[in-house]
Amino acid sequence: MARLKVGVPISGRGSNMAALAEACADPAFPAEIVLVLSNEQGAAGLERARAFGIETATIDHRGFPDRAAFDAAVTARLEAAGVELVCLAGFMRLFTAGFVEHWRDRLLNIHPSLLPAFRGLNTHERALAAGVRLHGCTVHFVRPELDDGPIVMQSAVPVQPGDTAERLATRVLAQEHRIYPAALRMVAEGAVRVEGERVVYRNDWNNDGLLVDPPLA
Ligand code: GAR
């Protein structure tokens, strides 16, 4: 079985990259990471990637005259490594529409909220300020608008009494590490496709587990 070749751009600690790498460490998993690429020289995730035996590269955005030039260099490096699918994992730079269109439906992102709520930064603080009962995370195909695009998978995380942004972030991150590998598996197996800007699934299922918070009496 040919495994789908994945490239993972990061900017920081790389815990989602590591969750994907752990899944890919199983030879039966339908994808493999062929390159982890950072725009930050000292990103901790680079060391973690090397510990998995994964090839790494750094492309510092500061060395480029504009976003388009940087994005073109990123695409060239990913393609040199044979990347077929890009999984953004805490990559904290916006890509140009040209980059996003080049990788259309071959570009996934993980975002720490139940999109389309709380696009952008500081999602946990904003979820607490808004008083939502259910927060969570989303894996989605990327479109040029910030944190926009067809949703592949989500996990809801109830807000607990007395939560701080840090506590909530920790529980959401644990869910990120579960759903990103699961979503990658579905994409790599061809179990999802994009139709009319929504994801449709090859197989039906019936999830009648109620996610209600506070719990029903
Ligand atoms: C993760 O929580 C990820 O969802 C978030 O950055 C963190 C990166 O952590 N991404 C975004 O906010 C993108 N809009 P990691 O480097 O440990 O995976």
Side-chain angles (χ1 to χ4, degrees), residues 6-25 31 33 35-52 54 56-61 67 70-71 74 85-97 99-100 103 107-130 132 134-157 159 163-184 187:
V6 174
V8 185
I10 62 167
S11 297
R13 71 188 160 187
S15 74
N16 277 290
M17 177 281 301
L20 296 176
E22 266 163 39
C24 291
I33 301 177
L35 183 69
V36 169
L37 187 154
S38 172
N39 65 311
E40 297 288 352
Q41 197 81 47
L46 289 171
E47 203 46 58
R48 288 178 96 161
R50 287 192 280 267
F52 280 96
I54 297 170
T56 62
T58 302
I59 303 182
D60 188 337
H61 57 274
R67 284 186 185 275
F70 170 71
D71 287 5
V74 170
L85 177 80
V86 179
C87 292
L88 303 178
F91 186 77
M92 294 315 216
R93 285 192 65 78
L94 286 175
F95 282 116
T96 55
F99 180 94
V100 173
W103 292 100
L107 179 58
L108 290 174
N109 183 42
I110 182 129
H111 182 74
S113 77
L114 291 176
L115 290 173
F118 310 122
R119 295 180 162 124
L121 298 175
N122 305 318
T123 56
H124 311 300
E125 287 86 343
R126 287 157 60 212
L128 289 176
V132 296
L134 295 171
H135 185 41
C137 49
T138 304
V139 177
H140 64 100
F141 285 105
V142 175
R143 292 295 181 261
E145 293 296 310
L146 177 67
D147 298 322
D148 182 40
I151 290 168
V152 179
M153 196 174 279
Q154 295 185 304
S155 178
V157 175
V159 176
D163 252 348
T164 61
E166 290 70 32
R167 283 180 48 182
L168 188 52
T170 300
R171 297 201 310 284
V172 170
L173 190 64
Q175 294 306 309
E176 295 183 40
H177 298 161
R178 292 180 65 197
I179 68 170
Y180 211 176
L184 172 57
V187 171

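First listed ligand is number 1; within each ligand, the first listed atom is number 1. Predicted, not measured: the structure shown is a model, and the values here were computed from it.
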Closest non-hydrogen contact found for I33 with M17 is CD1-O, 4.1 Å
So for D147 against ligand 1, with non-hydrogen atoms under 4.0 Å, the contacting part is side chain
- Message: Can you confirm, on distance only, whether ligand 1 has an N/O atom lying under 3.5 Å from any N/O atom belonging to G120?
- Response: no
Atom 10 (N) of ligand 1 has as its nearest protein heavy atom I110 O, 3.7 Å
Is there side-chain contact between H177 and S15, with at least one heavy-atom pair below 4.5 Å?
yes
for atom 7 (C) of ligand 1, nearest protein heavy atom and its distance come out as R13 NH2, 4.1 Å
of all protein heavy atoms, closest to atom 12 (O) of ligand 1 is P112 CD, 3.4 Å
### Task
Report yes or no: does I10 have a heavy atom closer than 4.0 Å to ligand 1?
no
Near M92 (heavy-atom distance under 4.0 Å), the atoms of ligand 1 are 6 (O), 11 (C), 12 (O)
*Check whether any side-chain heavy atom of V36 lies under 4.5 Å from a side-chain heavy atom of F52, and answer yes or no.*
no
Could you tell me if any non-hydrogen atom of G45 lies under 4.0 Å from any atom of ligand 1? no
protein heavy-atom neighbour closest to atom 1 (C) of ligand 1 works out as E176 OE1, 3.2 Å
Ligand 1 atoms nearer than 4.0 angstrom to some heavy atom of N16 are 1 (C), 15 (P), 17 (O), 18 (O)
Any sub-3.5 Å donor-acceptor pair from S113's side-chain atoms to F118's backbone N or O?
-> yes
Near G90 (heavy-atom distance under 4.0 Å), the atoms of ligand 1 are 6 (O), 8 (C)
Test side-chain contact (heavy atoms from CB on, under 4.5 Å), reference V157, set L114, D163, L168, output is L168
- Query: Taking atom types as modelled, is there a side-chain donor on H135 or H124 under 3.5 Å from an acceptor on the other?
  - Reply: yes
Do R50 and T56 meet the criterion of a side-chain donor-acceptor pair at a distance under 3.5 Å?
yes
State whether the side chain of S38 and the backbone N or O of A43 hold a donor-acceptor pair below 3.5 Å, judged by distance alone. no
Nearest non-hydrogen protein atom to atom 16 (O) of ligand 1, with distance, is G14 N, 2.9 Å
(message) Under a 3.5 Å distance rule, please check whether R67 uses its side chain to pair with a backbone N or O of T96 as donor and acceptor.
(response) no
shortest atom 14 (N) of ligand 1-to-protein heavy-atom contact is with H111 ND1, 3.2 Å
